[in-house]
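Along the sequence shown, the residues carry numbers beginning at 1.
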Amino acid sequence: MHLDIGNALAGIARPGVSRDSLDRLDDCVARAHERIERGVEEREFGYAALALPETTAAAEIERAVAPLADSEAVLTVGIGGSALGAATVSAALGRGDADAYVLDNVDPRRANELLAALPLSETAVHVVSRSGTTAETLANFLVVREAMADAGVDWTERTVVTTGEDGPLRALADEHGLPALDVPEGVPGRFSVLSSVGLVPAAIQGHDLDGLLAGGRAGMDALAPSLYECPAYGYGAACHALEVRGATTNVLMPYAERLEYFAEWFAQLWAESLGKDGLGQTPVRALGATDQHSQLQLYRAGRRDKHVTLVRPRERPERAIPETGIEGLSYLGGSDLGTLLDAEFEATEASLAAAGLPNVRIEIDALDAESLGRLLYDAEAACVLAGELMGVSTFTQPAVEWGKRAARGLLGGGDFEEAEAVAGKERLVIE
Ligand SMILES: O=P(O)(O)OC[C@H]1O[C@](O)(CO)[C@@H](O)[C@@H]1O
């Protein structure tokens, strides 16, 4: 990725980072890099994620999905890190040989509508759960397989599983002899996109897995003991420096529809990794140019607690805007939608700077496999670096367990005090 943090510098932005501060922070980056490198080499829990471009075997994934290569659709049944990565890759690289769908919530209306619309006999199902116990994923899978059976489709012929070495999902795969891939060892879900977790649908769609991993490897090779030499660390360090100066919200605003899911994926990565000990930027998903017409007022003139990360591919397909004699529109006629979108990107970037709001520019060469692999890898490395600088436990997410126990208790899945707390809710009802 190409990074430009000029608009985050003091003198332009408030809050902003001075060059001196960046230079001092760079000493911390050098130490953090040493720590990260050691963790990657020794495949320590979490850090092992930054070795995935080397440890993921694309051929193994392609072998596992070969029987499903003729599918018209691929359905990912998973949630959080077990869905967002796959959705991001499929959305960014496009349809390929099959349409991609995600069932990452337990909304009955959505499930009904999706199952009614899917060509079930031509649909490949990828069920993904690192723990193998996530209620939403397991419930959705039970629903999907029943729908397939009701449609006379042999779901065991159309299902691939990615999960841990044990748990109900592994047991189900073993019982029915389903092709099963392993979640990468020591890699939290939100960091596992460059593994079977994120790449199985892309393989079924015929996307270039080797290209994605090559992009990741380029990111690995670019890790260096300085924020000035490594775009990923430059981004992580800039976000950290802006957070400690008050920019506690990070608006991720891609200027490409195909990167909308990337903003979703980034939101989990940033929130679940860095939201600890009362710290952590709130990631906000936005989309350029659309949200210029809904959110920009707030970004420019609202509470000064944000920075905006603008993302765009340098290469765009063409769509000419026809010439027109309509008065006031001639400036558009003869141009191109991509040219307009890029003008909006640069104008919004300048408008944020003019209002003193810190913003950072991230560009990728194109929306292709290698550039996407690099972008995903760099975002992960930036997150790991930011976690080191903050001193938080980047690779765990203990705060999510309370709600899981409460929900399980409410459904009779065991005695959990959290479920009692639900019953004891304070009430002040206004209707
Ligand atoms: O892959 P699993 O174990 O089903 O978990 C899904 C998601 O749920 C979480 O554990 C949060 O509840 C995420 O960290 C994870 O990506």
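Side-chain atoms of K306 and V284, non-hydrogen and from C-beta on, never get closer than 4.5 Å to each other. Taking the side chain as every heavy atom from C-beta outward, W155 and V125 never approach each other to under 4.5 Å.
One finds a salt bridge joining K404 and E401 here, because a Lys/Arg side-chain nitrogen approaches an Asp/Glu carboxylate oxygen to under 4.0 Å. The pair R170-D182 meets the salt-bridge criterion, with a side-chain N (NZ, NE, NH1 or NH2) lying under 4.0 Å from an Asp/Glu carboxylate O. Ion pairing between E344 and R312 fails under the 4.0 Å rule for side-chain N and carboxylate O.
Judged by distance alone, the side chain of K276 and the main-chain N or O of T396 form a donor-acceptor pair under 3.5 Å. The main-chain N or O of T133 is found under 3.5 Å from a side-chain atom of S131 such that the two form a donor-acceptor pair.
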List the steps, then state whether side chain to side chain donor-acceptor pair (under 3.5 Å) holds for H2 with D365.
CA-CA 8 Å; H2 310 278; D365 296 334; 2.6 Å; yes
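Pairing each heavy atom of A379 with each of W265, the nearest pair is CB-CZ3, 3.7 Å.
Classification of the F262-F266 ring pair by plane angle, with boundaries at 30° and 60°, yields tilted. Classified by interplanar angle (parallel below 30°, tilted 30° to 60°, perpendicular above 60°), the ring pair Y255/F345 is perpendicular.
By the neighbour-count criterion of 12 heavy atoms within 6.0 Å, atom CD of E122 is densely surrounded, having more than that number from other residues, nucleotides or ligands.
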